[in-house]
Amino acid sequence: MKRDSAYPTMAEQQKQEEELWDAMKVTACVLGAGLLLFTALESSAWYVQNIWDTWGHFWQTTWLKLYYLLEGKELTLFLLGAALMPTLAFWCFNGILMVADVTGKPTFITRYRIQLGKNDPVDTKKLRQAIYTVLCNQVFISFPMLLSMFYILKWWGNTFSKELPTFRWFLLELSIFTIVEEILFYYTHRLVHLPLLYKHIHKKHHEWTAPIGVVSIYAHPVEHILSNMLPAMTGPMLMGSHIVSIAVWFSLAVVTTSISHCGYHLPFLPSPEFHDFHHLKFNQCYGVLGVLDYLHGTDTVFRQTKAYERHRVLLSLTPLSKSIPDAPRRAQ
């Protein structure tokens, strides 16, 4: 008699049981790690909350002084927090990096270069073109979009409250902002990599196969709207966030994306290896955090490289390009 194919063999049953057991172990590990992380965050949040409460009076008083100094003018407060503060953060951070890019000094920075031999020194003509494009994007794209954001936030009515948000609420907002940005950036980034859009829009950004910090917003106007501005703006607009939260978030966002593009894996800063690899290979590592890349399998090549081994926060002064060097190229 032929075996009924609807019934699995003993070997198949054993394999299914092993897979089920493995899945249960993975689930237990994830849940256990999640519980430990939650406990740690709760404990640390309580500790930081105490520090925040200690400083809370200072920050609240400072905010009220600024509020009354500007006579509560909401547009002025908004432009100060959402436009001026992030812009200063962007240019101060990238100004230091550009000195290193152009002069090769200080060596404390340049010794941490990721793509060795690239931008050493940077092409100044190409750099001037990038700066011009970035300034145009900030003035003619970012500024009008921020004005529209202002009127959306006015509808919420909480953005210019005299009372600052609590520390825990601020942490919750930052978490939501980060998740929203990751989702929107990943999928809009994948979108502009479609052949037609890449050719006419995204190719401009990829002129820099070895990026530097300032080119983080060197992009076609359409891409600047879709991938740079909207992912960062959407979270605060959905939450109706306080202008102080928005100012901190925008400043963190522009500095973080500058780090991702800077071309240097500097000590104690987030690793830029992930996005640097994207500029090198084009079809890998589309996101910010890497979660969606993992789920969609768009980091499989990256995970097989030395760059992936270097993709961590550097906690020493030895460049990772020395402690984890690329494999020597084979002779042709």
Side-chain angles (χ1 to χ4, degrees), residues 22-23 26-27 29-31 33-34 37 114-115 118 174-199 201-213 215-220 222-235 238 249 252-266 269-314 320-321 324 326-327:
D22 288 341
V26 170
T27 303
C29 288
V30 171
L31 292 176
L37 179 61
I114 296 173
Q115 296 188 40
K118 304 286 185 68
L174 284 184
S175 301
I176 293 173
F177 298 164
T178 302
I179 293 169
V180 171
E181 183 193 36
E182 172 72 5
I183 293 170
L184 292 180
F185 180 77
Y186 179 85
Y187 290 111
T188 57
H189 195 184
R190 289 288 300 269
L191 179 68
V192 294
H193 267 269
L194 294 175
L196 182 62
L197 295 180
Y198 181 85
K199 179 180 179 182
I201 295 175
H202 193 48
K203 187 176 181 179
K204 183 179 186 70
H205 184 68
H206 274 283
E207 290 171 4
W208 292 78
T209 55
I212 60 173
V215 306
S216 55
I217 52 176
Y218 172 73
H220 187 282
V222 173
E223 180 184 354
H224 187 58
I225 294 170
L226 289 177
S227 295
N228 293 338
M229 293 300 294
L230 285 178
M233 291 170 58
T234 302
L238 290 174
W249 163 243
L252 286 173
V254 296
V255 170
T256 300
T257 191
S258 296
I259 292 172
S260 296
H261 287 84
C262 74
Y264 303 107
H265 195 145
L266 298 168
L269 291 181
S271 167
E273 299 280 352
F274 190 77
H275 195 72
D276 196 272
F277 191 80
H278 173 75
H279 275 261
L280 185 65
K281 298 298 182 182
F282 298 97
N283 62 352
Q284 290 280 299
C285 308
Y286 293 98
V288 179
L289 302 176
V291 177
L292 290 174
D293 284 283
Y294 178 77
L295 293 176
H296 287 287
T298 49
D299 64 348
T300 51
V301 175
F302 174 67
R303 287 176 172 273
Q304 298 169 13
T305 65
K306 290 290 185 179
Y308 176 68
E309 295 180 36
R310 294 191 292 264
H311 185 46
R312 61 175 191 242
V313 176
L314 175 58
L320 284 170
S321 58
I324 310 176
D326 288 324

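Inspection of the H202 and H189 side chains reveals an N or O donor paired with an N or O acceptor under 3.5 Å.
A side-chain hydrogen bond (donor to acceptor under 3.5 Å, both in side chains) with H278 holds for exactly one of H193, H261, E273; it is H193.
Between F302 and H311, a ring centre-to-centre spacing shorter than 6.0 Å is recorded.
Around atom OH of Y294, no more than 12 heavy atoms belonging to other residues, nucleotides or ligands sit under 6.0 Å away. Enclosure of atom OH in Y198 by more than 12 non-hydrogen atoms of other residues, nucleotides or ligands within 6.0 angstrom is indicated. No more than 12 heavy atoms of other residues, nucleotides or ligands shown are found within 6.0 angstrom of NZ on K203.
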Problem - Residues V301, K281; criterion side-chain contact (heavy atoms from CB on, under 4.5 Å); working and verdict - result: CA-CA 9 Å; V301 175; K281 298 298 182 182; 5.6 Å; no
Handout entry: Worked check of side-chain contact (heavy atoms from CB on, under 4.5 Å) between T209 and F282
Key = CA-CA 9 Å; T209 55; F282 298 97; 3.8 Å; yes
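For the pair Y186 and G287, the tightest heavy-atom approach, listed with the atom from each and the gap, is CD1-N, 3.7 Å. Taking every heavy atom of both residues into account, H265 and L320 meet most closely at CE1-CD1, 3.4 Å. Among all heavy-atom pairs drawn from V254 and T257, the shortest one is O-CG2, 3.3 Å. The minimum heavy-atom distance linking I201 with E223 is given by the pair CG2-CB, 3.8 Å. Heavy atoms only, all atoms of each residue included: K118 and A210 are closest at CB-CB, 3.7 Å. Across all non-hydrogen atoms, the minimal contact from Q115 to D276 is NE2-OD1, 2.9 Å.
Here the OH atom belonging to Y308 is positioned 12.5 Å from the CD atom belonging to Q284, to the nearest 0.5 angstrom. Rounding to the nearest 0.5 Å gives a distance of 12.5 Å between NE2 of H275 and OG1 of T256. Here the straight-line distance linking atom CG of L314 with atom OG of S321 works out to 9.5 Å at 0.5 Å rounding. In this structure, the separation between NZ on K306 and CG on D326 is 8.5 Å, given to the nearest 0.5 Å. We find the NE2-OH distance between H296 and Y187 to be 2.5 Å, quoted to the nearest 0.5 Å. A distance of 14.0 Å separates CD1 in I176 from CD in E181, rounded to the nearest 0.5 Å.
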Let me have the donor-acceptor pairs involving side chains of residues 226-234, under 3.5 Å, with sequence neighbours excluded, atom names and distances please.
unit_1: S227; atom_1: OG; unit_2: T188; atom_2: OG1; d: 3.2
unit_1: N228; atom_1: ND2; unit_2: H224; atom_2: ND1; d: 3.0
unit_1: T234; atom_1: OG1; unit_2: L230; atom_2: O; d: 2.6

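The existence of a salt bridge linking R190 and D293 is excluded, since no basic side-chain nitrogen approaches an acidic carboxylate oxygen closer than 4.0 Å.
Looking only at distances, a side-chain donor or acceptor of T178 sits under 3.5 Å from a matching main-chain atom of L174. Side chain of H279 to backbone of W208: a donor-acceptor contact under 3.5 angstrom is found. The main-chain N or O of Y218 is found under 3.5 Å from a side-chain atom of H205 such that the two form a donor-acceptor pair.
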